[in-house]
Amino acid sequence: LMLDQLDRLSLPPGVRAVRGALVDEVRGVRYPTNATADALLERVGEPLEATAARIAARWRLVPTDARRDVLRFAWQLNGFALANVRPGRSGPRRLCLWIALALRLLPIARFPEPVVRRRALDTSTCVRAVVTSVSAVGGRAAAIACATAFALILVGLLAGGAPVGVALAVGAATGCALLVHEVGHVLALQGVPAAVLLVGARTSVLHPPLDGRRARAVSLAGPALTAI
């Protein structure tokens, strides 16, 4: 699991916990929960190790078993985009943990599953759809723009390729294309509950099931706006 016992969970906008259920207002789904899950959801925001200790004491469980089960359930919640993870350790420490886990998975040719990040969108108006889309995806777009420009500059230095100005322009265009693509999807979802999911290098828009015509319009809106 790419989770640490010092990590904390937070419920993203559009997800709320009630007694006996976890409600996802974007998907329009109500997930039933048992008493143990309710106990964990009541303690959202505290380190997972503290939650595991409380659950172990309450149900007289072996602490190591309770910690394992809490981490597994927290990972499942994150995997379904029902909870975000707030890291409890520094970036370098988490990188070391990721490398250690990647080495353990190397014999089966797998990489650690990335943590899911869910960010809210407001589709009530076109302006709010654009603003919240930029807020949700802007950082990802900027990172891709910088990475693309850096890679092209490096290739240019090694092979005598394109000048720095061209590399910066291509990088900026790549980042803008991602941003405009996602904004197009969100604009087509006006009035429909939605959220952005950032999963590793993938970016997607979460929304409830749509009828055939609306679903096609949403799918085409991203590429169409990017092409314009």
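When reading the values below, keep in mind they use all heavy atoms of this one structure, side chains included, and skip hydrogens, waters and symmetry mates. In this chain, numbering begins with 1 at the start of the sequence shown.
- Residues Pro193 and Thr123 have side chains not in contact (no heavy-atom distance under 4.5 Å, counting atoms from C-beta outward).
- By the 6.0 Å contact criterion, CZ on Arg110 is open, its count of non-hydrogen atoms from other residues, nucleotides or ligands being 12 or less.
- The two residues Ser124 and Gln190 have their closest heavy-atom pair at O-NE2, 3.8 Å.
- We find the CG-CZ distance between Leu48 and Arg86 to be 10.5 Å, quoted to the nearest 0.5 Å.
- Annotation for Ala188 and Ala217: closest pair CB-O, 4.1 Å, computed over non-hydrogen atoms.
- One finds the CG atom of Leu178 at 8.5 Å from the OG1 atom of Thr226 (value rounded to the nearest 0.5 Å).
- Of the inter-residue distances, the one linking Leu11 atom CG with Leu82 atom CG reads 8.5 Å to the nearest 0.5 angstrom.
- A salt bridge links Arg72 to Asp69: at least one charged side-chain nitrogen sits closer than 4.0 Å to a carboxylate oxygen.
- Glu25 has a carboxylate O that lies under 4.0 Å from a charged side-chain N of Arg16, or vice versa, which qualifies the two as a salt bridge.
- Of the possible donor and acceptor atoms, one in the side chain of Asp38 sits under 3.5 Å from a partner among the backbone N and O of Gly20.
- One side chain, Arg140 or Thr203, offers a donor N or O that lies under 3.5 Å from an acceptor on the other.
- Closest heavy-atom contact between Gly184 and Ala221: O-CB, 3.2 Å.
- Side chain of Ser133 to main chain of Ala129: a donor-acceptor pair is present (N/O by atom type, distance under 3.5 Å, no hydrogens or angles).
- Looking at Asp7, its side chain does come within 3.5 Å of a backbone N or O of Gly88 through a donor-acceptor pair.
- A distance-only check finds a donor-acceptor pair linking the side chain of Thr33 to the backbone of Ala21 [under 3.5 Å].
- In this structure, Tyr31 is a member of the same hydrophobic cluster as Val44, with clusters built from ILVMFWY side-chain heavy atoms closer than 4.5 Å.
- No side-chain donor-acceptor contact under 3.5 Å links Asn84 to the backbone of Pro12.
- Of all non-hydrogen atoms in Ala120 and Ala136, the two that sit nearest each other are O-CB, 4.4 Å.
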- request: Report the C-alpha distance between Arg214 and Val192 in whole Å, list the side-chain angles of each, state the deciding distance to 0.1 Å, and finish with yes or no for side-chain contact (heavy atoms from CB on, under 4.5 Å).
  value: CA-CA 11 Å; Arg214 186 71 182 272; Val192 177; 3.6 Å; yes
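- Side-chain atoms of Arg118 come within 3.5 Å of backbone atoms of Ala81 as a donor-acceptor pair (strictly under, hydrogens ignored).
- From Phe150, atom CZ reaches atom CG of Leu154 across 5.5 Å, with rounding to the nearest 0.5 Å.
- Within 6.0 Å of CZ in Arg89 there are more than 12 heavy atoms belonging to other residues, nucleotides or ligands.
- For the pair Glu46 and Arg54, the salt-bridge criterion is met [side-chain N within less than 4.0 Å of a carboxylate O].
- Criterion: ILVMFWY side-chain heavy atoms under 4.5 Å apart, direct or through other members. Under it, Leu3 and Val116 are not part of a common hydrophobic cluster.
- The line from CD of Glu49 to CD of Gln5 is 4.5 Å long, rounded to the nearest 0.5 Å.
- Under the 4.5 Å side-chain heavy-atom criterion for ILVMFWY residues, no single connected hydrophobic cluster contains both Val196 and Val26.
- If you chain together hydrophobic residues whose side chains sit under 4.5 Å apart, Ile144 and Leu152 never meet in one group.
- Test Val137, Leu206, Leu198 against Arg119 for side-chain contact (heavy atoms from CB on, under 4.5 Å) and you get one pass: Leu198.
- A salt bridge is defined here as a Lys NZ or Arg NE, NH1 or NH2 lying under 4.0 Å from an Asp or Glu carboxylate O, and Glu42 with Arg19 meets this definition.
- With salt bridges taken as basic N to acidic carboxylate O contacts below 4.0 Å, none links Arg216 and Asp211.
- One hydrophobic cluster holds both Leu97 and Leu9 under the rule that ILVMFWY side chains link at heavy-atom gaps under 4.5 Å.
- The shortest side-chain heavy-atom distance between Cys126 and Leu187 falls under the 4.5 Å cut-off.
- Nearest heavy-atom pair across Ala194 and Leu189 is CB-CD1, 4.1 Å.
- Atom CG in Leu6 sits 9.0 Å away from atom CZ in Arg93 (nearest 0.5 Å).
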task: Give the intermediate values and the outcome of side-chain contact (heavy atoms from CB on, under 4.5 Å) for residues Thr36 and Phe73.
output: CA-CA 10 Å; Thr36 307; Phe73 182 59; over 6 Å; no
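- Arg27 is not listed as a side-chain neighbour of Pro208, based on a closest heavy-atom distance of 4.5 Å or more.
- Looking at every heavy atom in both residues, Val199 comes nearest to Pro114 through CG1-CG, 3.8 Å.
- Proximity of a side-chain donor or acceptor of Thr51 to a complementary backbone N or O of Leu40 within less than 3.5 Å is not detected.
- Looking at His185, its side chain does come within 3.5 Å of a backbone N or O of Val218 through a donor-acceptor pair.
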